[in-house]
Q: 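Structure incoming, see below.
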Amino acid sequence: MPQLNPADFAPQLIWLAIIFIGLYFLLSRVALPRIGEVIEERRDRIQRDLDEAERLKTETEKAIASYEQALAEARGRAHNIAQETREKLSAEVARERTDVDKNIAEQTAAAEERIAIAKSAALLQVNEIAVETTETIVNELIGATTTGDEVAAAVSRASANT
Amino acid sequence: MASTEHGGEQSGGSMPDPMHQFEIDRIIPINFFGLDASFTNSSKWMLIALLVVAGFLILSMRGRSLVPTRAQSVAELAYEFIANMVRDNVGTEGMKYFPFVFTLFMFILACNMLGMVPYSFTVTSHIIVTFGLAAVVFIGVTVIGFIRHGVGFLKFFVPSGVPAPMLALLVPIELISYLTRPVSLSVRLFANMMAGHTMLKVFGGFVVALGFLGGWAPLAFMVAFTGLEVLVAFLQAYVFAVLTCIYLNDAMHMHH
Amino acid sequence: MTKSAGDKGKRPGELSSEDRTHLKRRLSGLGERLGKVRSRDRPASDENQRGRGIGYALRMSLDMVLAVVVGGAIGWFLDRWLGTAPVLLLLFGVLGVAAGFLNVARTYREMAAEAREASKGHTAKSVPFDDDED
Amino acid sequence: MEAEAAKLIGAGLASIALVGAGIGIGTIFGNYLSGALRNPSAAQGQFANLLLGFALAEATGLFGLVVAFIILFAF
């Protein structure tokens, strides 16, 4: 094998050392910093963009949430207003009805009073008429003259009996 | 692949030497204080790997745009791949060794992949190269362990909760296990790359030997095998880098 | 936002309930997508798992064999140094076998822990093993 | 040159160990697949065991290969 020829070892090792060290310095001083820089910059940029997107997303979510909240609030307020109006209306209706009821009751009471007066007046008249009629009838029938007081007592007894 | 390059027609259709592709050719002989530091074909392909890796990574990032071009996204992919590997295996404090692991991975990957190009030379198919890389990792990891834990790093070789007589047996075992690391690291890469290329060479020889009529079957096999070799080239670079990370983690956090 | 063609009694700026549910659905869709994008940064573990598994497989066999080789090599060098012909080679070869099994056991424990971690939450209906296969 | 030939033959014989490794690996993966197709939910949990079996089977073949290399290069 030509690889095992010791005479060839020295030049290969020497040139390997020279070239490897040269390559090391070329790469570590020139090439790698450039690549690393670009990669870092890109990573930063991507990170920034991602963060921005994330931020916008959360903002949009917040906006939607607040919109929905506002919507819900508005709905609630509308509901409240309707409720209040209904209550006010029904209260008014109730008050009016009680007014009317009172009115009617008063009028009814007055009418009843009038009727009672009329009735008692009528009843008095009926008694007088009955006494007179009884007096007349008795006078006519028996020809006797009765006093008004006797007749009246009798009538009231009779009317009490009936 | 590169079967016809070297001596395909030697001695009447006999098989070309599948090992010939691993020969070292001295392109520019250099003597550096008595050391042979010749610029060889191996050095040439290492240099090409360096130019390809550094050139690609630097040129692709020229735009530095936030929306990457195709080349830039490949560079970034490689960066992220190794960065995740280091972070997963070593943790965040291991990130200071990230440039080293990245260089290691890219160098091995480039050498392996360039080895798949016809007429090229596979640097990592030489045990001395892979062993050099593994030795750097091994020595570096050991030094890091001693720096972080001082002499306490020697506890790494002493299993806890074991009676003393057993330790006489267990400490050498742990030591051998630890010393196996660079060997297995280098041998794995070397063996995989060499075996694959030898295989391709041998089957390339079959294609030539069997000629136009019978050469189709080995050719089809070669196509499939080349695909597999590309996968292996990537996988071996990956395994090398992962093991480097795991050894780093062992040295930094010291738990079995 | 209002897509009202039919309902005329609506004031401008008012949302119907279906509009709102539509909006909400779009928002939750957006939230899902955002979550998905955020979680995409986590590495997809399944493919990763397989790749690491192959890495483990490539490690274990060679680790086991090379521990023996390394042990043998140490023994061989010590033998040469101390002149105790095959004793240390054999001793360190045996220790190498033990080290190889130690390597494999350690890797296996690591791997099994990882597999347990990965298979957490994987509970699909199993098919009983009743029919013959050959 | 006879020692050289014997070395090559020996190395070739040592490589026969790979036959066993191949059979073992095939058996392991075949059985794992048939088991995994019947009970896919358990497959994930047994992946580690599959790899262990694979590694042990391959290690046997690698031992043979190491012996072949030792015969070729160490003697």
Q: What residue in B/F102, B/Y79, B/F131 has the most heavy-atom pairs under 4.5 Å with chain A?
A: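 Heavy-atom pair counts peak at B/Y79.
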Q: Can you tell which part of A/L23 gets under 4.5 Å to a heavy atom of chain B, answering side chain, backbone, both or neither?
A: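 Both backbone and side chain of A/L23 come within 4.5 Å of chain B.
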Q: Let me know if A/I18 has heavy atoms under 4.5 Å from chain B in its side chain, its backbone, both or neither.
A: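 Looking at A/I18, nothing touches chain B.
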Q: Kindly indicate whether the side chain of B/F240, heavy atoms from C-beta on, has any atom under 4.5 Å from the side chain of B/L104.
A: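 Sidechains of B/L104 and B/F240: in contact.
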Q: Please identify, among B/F22, B/F98, B/F100, the residue contributing the most non-hydrogen atom pairs under 4.5 Å to chain A.
A: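 Looking at each option in turn, the highest pair count goes to B/F22.
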Q: Of all heavy-atom pairs between B/G132 and A/L13, which one has the smallest distance, and what is that distance?
A: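 That would be CA-CD2, 4.1 Å.
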Q: Select one option (side chain, backbone, both, neither) describing which atoms of A/L16 are under 4.5 Å from chain B's heavy atoms.
A: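 It is both, since atoms from each part get that close.
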Q: Could you check whether any side-chain heavy atom of B/V202 comes within less than 4.5 Å of a side-chain heavy atom of B/M199, counting everything from C-beta outward?
A: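 Heavy-atom side-chain distance check fails, nothing below 4.5 Å.
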Q: Which atom names give the shortest non-hydrogen contact between B/I24 and B/S42, and what distance separates them?
A: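 Heavy-atom minimum between the residues: CD1-CB, 3.9 Å.
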Q: Chain B heavy atoms under 4.5 Å from A/L27: which part of the residue, side chain, backbone, both or neither?
A: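 Just the side chain, heavy atoms under 4.5 Å.
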Q: With a 4.5 Å cut-off on heavy-atom pairs, point out which of B/E80, B/E23, B/E76 contacts chain A the most.
A: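 Between B/E80, B/E23, B/E76, the count favours B/E76.
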Q: Under a 4.0 Å N-O cut-off, is there an ion pair linking A/E37 with A/R34?
A: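 A salt bridge is absent here (no side-chain N lies under 4.0 Å from a carboxylate O).
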Q: If you define the side chain from C-beta out and look only at heavy atoms, does anything of A/I19 sit under 4.5 Å from B/F107?
A: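 Counting from C-beta outward, A/I19 and B/F107 do come under 4.5 Å.
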Q: Side chain from CB out, backbone as N, CA, C, O: work out which of these in B/F190 comes under 4.5 Å of a heavy atom of chain A, or both, or neither.
A: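 Interface part for B/F190: side chain.
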Q: Counting only non-hydrogen atoms closer than 4.5 Å, does A/I39 touch chain B with its backbone (N, CA, C, O), its side chain (CB onward), both, or neither?
A: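 Side chain only.
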Q: So for B/I127, is it side chain, backbone, both, or neither that comes closer than 4.5 Å to the heavy atoms of chain A?
A: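 It is both, since atoms from each part get that close.
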Q: Please evaluate residues B/S125 and B/H197 with respect to the criterion side chain to side chain donor-acceptor pair (under 3.5 Å), reporting the C-alpha separation (whole Å), side-chain torsions for both, the decisive distance (0.1 Å), and the verdict.
A: CA-CA 8 Å; B/S125 67; B/H197 283 81; 6.0 Å; no
Q: Got a salt bridge between A/E61 and A/K57, using NZ or NE/NH1/NH2 to carboxylate O under 4.0 Å?
A: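 A salt bridge links A/E61 with A/K57.
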Q: Do the side-chain N and O atoms of A/R77 and A/N80 include a donor-acceptor pair separated by under 3.5 angstrom?
A: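 No, no side-chain donor-acceptor pair sits under 3.5 Å.
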Q: Return the option, out of B/L50, B/L35, B/T40, B/L47, with the maximum number of heavy-atom pairs under 4.5 Å with chain A.
A: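 Top option by heavy-atom pairs under 4.5 Å: B/L50.
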Q: Contact part of B/L51 toward chain A, heavy-atom cut-off under 4.5 Å: side chain, backbone, both or neither?
A: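 Neither the backbone nor the side chain of B/L51 comes within 4.5 Å of chain A.
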Q: Tell me, for B/S43 versus chain A, whether the close heavy atoms (under 4.5 Å) come from the side chain, the backbone, both or neither.
A: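 Contact with chain A: backbone and side chain both.
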